[in-house]
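Scope of the values below: all heavy atoms of this structure, side chains included, with no hydrogens, waters or symmetry mates. Bear in mind that the values here come from a model prediction, so they are computed numbers and not experimental data.
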Amino acid sequence: AEAFTLNNIGYLYSQAGQTAKAIGAYSQALPLEQKVGDTRAQTVSLESLGNLYYGAGDKQKAVDAYKEDLTLAHGLDDRPAEARALDGIGTIALDGDDKKKALEAFEQALQFWRDAKVNASAAAELERMGGLHDGLGQQQKAIDDLGEAVRLWHDAGDTHSEAKALVELGSFHDDTGDRQSALDTYNKALSLWRSLGDQQDEAVTLNDIGLANENLGEERRALDYYRQ
């Protein structure tokens with residue numbers, strides 16, 4: 001009961017932005033949870049500590065907490081908890097510009113999200129991986145990642161995220177010089193923005209379509225889109 005109370009206190013402190021006090025509460029809860037063998041509660045405390053240490057800029061302590069969390073979550077067969085721990089590890093690797101290590105963590109996390117059938121989290125993971133593959137010059141992989149993300153957002157019924165992913169996919173097509181695929185993709189995004197009544201994003205996408213037309217040598221058509 002004491003550990004449970006400390007966990008709640010830690011949560012309240014973290015919500016109030018009192019990081020040091022939140023870390024103190026979770027750190028007190030952890031040995032109590034270990035003592036009674038409550039592994040699930042330990043994973044909650046460790047994940048929270050990882051997030052708090054990361055927020056406080058103590059990346060080594062954050063990684064240590066995430067790794068311990070990952071091991072315990074694996075023992076529980078808790079796929080979403082494993083995925084979140086791997087996301088934490090990957091994010092810190094990315095901060096250190098270790099793109100390959102980050103990708104490994106995100107790829108593992110993606111598999112766990114797929115196992116747990118959490119489409120929205122899998123789609124977000126694929127978008128992250130797409131950006132990384134693009135940064136590593138692996139454009140086709142980036143395109144594949146985003147294409148799958150678009151399908152998963154569609155299945156999850158999240159039209160806004162689907163449109164956002166389509167815009168990113170369009171930009172990847174544009175980067176490879178495949179202007180026609182870029183245009184087709186931007187136009188799909190455009191119809192989704194319109195269905196949502198999102199005029200701001202619609203305007204940005206119209207600009208993207210104008211640029212793609214300009215790059216295709218279709219200046220007159222480009223002007224029409226810019227005017228819209």
| field | Verify same cluster id: Val44, Ile9 (apolar side-chain graph, 4.5 Å) | value | no

| Are Thr91 and Phe106 close enough that some pair of their side-chain heavy atoms sits under 4.5 Å apart? | yes

| Any link between Leu206 and Val167 through a network of hydrophobic side chains (Ile, Leu, Val, Met, Phe, Trp, Tyr) touching at under 4.5 Å? | yes

| request: List the atom of Ala142, the atom of Gly130, and the distance in Å for their closest heavy-atom pair. | output: CB-O, 3.4 Å

| request: Start with the C-alpha gap between Thr39 and Gln42, add the side-chain angles, then the distance that decides, and say whether side-chain contact (heavy atoms from CB on, under 4.5 Å) holds. | output: CA-CA 5 Å; Thr39 310; Gln42 285 175 67; 4.3 Å; yes

| Separation of Ser171 OG from Leu166 CG (nearest 0.5 Å) | 11.0 Å

| Approximate separation, where rounding is to 0.5 Å, of Ser161 OG and Lys164 NZ | 5.5 Å

| query | Would you call Arg79 and Glu82 a salt bridge, using N to O less than 4.0 angstrom? | reply | yes

| task | For the residue pair Asp78 and Arg40, establish whether any side-chain heavy-atom pair is separated by less than 4.5 Å. | result | yes

| Path from Tyr26 to Leu6 over hydrophobic side-chain contacts below 4.5 Å | no

| query | Side chains of Lys100 and Asp98: does their closest heavy-atom pair fall under 4.5 Å? | reply | yes

| field | Contact check, side chains of Glu202 and Thr205, non-hydrogen atoms, under 4.5 Å | value | no

Can you give each donor-acceptor pair under 3.5 Å made by side-chain atoms of residues 30-37, sequence neighbours left out, with the distance rounded to 0.1 Å?
{"from": "Glu33", "atom 1": "OE1", "to": "Ser45", "atom 2": "OG", "distance (Å)": "2.9"}
{"from": "Glu33", "atom 1": "OE2", "to": "Asn7", "atom 2": "ND2", "distance (Å)": "2.7"}
{"from": "Glu33", "atom 1": "OE2", "to": "Ser45", "atom 2": "OG", "distance (Å)": "3.0"}

| request: Kindly give the cluster partners of Val63, where membership spreads through any ILVMFWY side chain lying under 4.5 Å from a current member. | output: Tyr54, Tyr66, Leu70, Leu86, Ile89, Ile92, Phe112

| What's the shortest heavy-atom distance between Ala3 and Ala29, and which atoms? | O-CB, 3.8 Å

| message | When you compare the side chain of Gln180 with that of Leu183, does any pair of heavy atoms fall below 4.5 Å? | response | yes

| message | Going by the rule ring pair (Phe, Tyr, Trp, His ring centres under 6.0 Å), which residues pair with Trp113 if we only count those two or more places apart in sequence or in a different chain? | response | none

| Non-neighbouring partners of His160 that pass ring pair (Phe, Tyr, Trp, His ring centres under 6.0 Å), sequence neighbours left out | Trp193

| query | How many angstroms lie between atom NZ of Lys67 and atom CG of Leu46, to the nearest 0.5 angstrom? | reply | 14.0 Å

| request: Check the surroundings of atom CD in Gln199: do more than 12 heavy atoms from other residues, nucleotides or ligands lie under 6.0 Å from it? | output: no

| remark: Only one of Asp178, Asp144, Thr176 passes side chain to side chain contact (heavy atoms under 4.5 Å, CB included) with Gln139, and that residue is Thr176

| query | Can you get from Leu49 to Leu72 by hopping between Ile, Leu, Val, Met, Phe, Trp and Tyr side chains that sit under 4.5 Å apart? | reply | yes

| So, for Ala122 and Leu110, which heavy atoms are closest and what is the spacing to 0.1 Å? | O-CD1, 3.5 Å

| message | Going by the rule side-chain hydrogen bond (donor to acceptor under 3.5 Å, both in side chains), which residues pair with Arg114 if we only count those two or more places apart in sequence or in a different chain? | response | Glu148

| query | For Glu125 and Ala109, which heavy atoms make the closest approach, and how far apart are they? | reply | OE1-CB, 3.6 Å

| message | Please say yes or no: joined through hydrophobic side-chain contacts below 4.5 Å, possibly via intermediate residues, are Phe172 and Leu192 part of one cluster? | response | yes

| request: State, with a plain yes or no, whether a side-chain heavy atom of Asp87 is found less than 4.5 Å away from one of Arg128. | output: yes

| task | State, with a plain yes or no, whether a side-chain heavy atom of Leu136 is found less than 4.5 Å away from one of Leu103. | result | yes

| So with a 6.0 Å cut-off around OH of Tyr13, is the heavy-atom count from everything else above 12? | no

| message | Ignoring hydrogens, what is the shortest heavy-atom contact between Ala102 and Ala93? Give both atom names and the distance. | response | N-CB, 3.8 Å

| Those residues that, when tested against Asp145, pass side-chain contact (heavy atoms from CB on, under 4.5 Å) (two or more places apart) | Leu126, Met129, His133

| field | Atom pair CD1 (Ile209) and CG (Asp184), whose distance is rounded to the nearest 0.5 Å | value | 10.0 Å

| field | Heavy-atom closest pair, residues Ala22 and Ser14 | value | CB-N, 3.6 Å

| Quick one: CG on Leu190 to CG on Asp208, what's the gap to the nearest 0.5 Å? | 10.0 Å

| said: With rounding to the nearest 0.5 angstrom, report the CG to CZ distance, Asp174 to Arg179. | reply: 5.0 Å

| task | Using a 4.5 Å cut-off on heavy atoms from C-beta on, say whether the side chain of Thr71 contacts that of Glu68. | result | no

| Polar contact flag, side-chain donor to acceptor under 3.5 angstrom, Asp115-Gln111 | yes

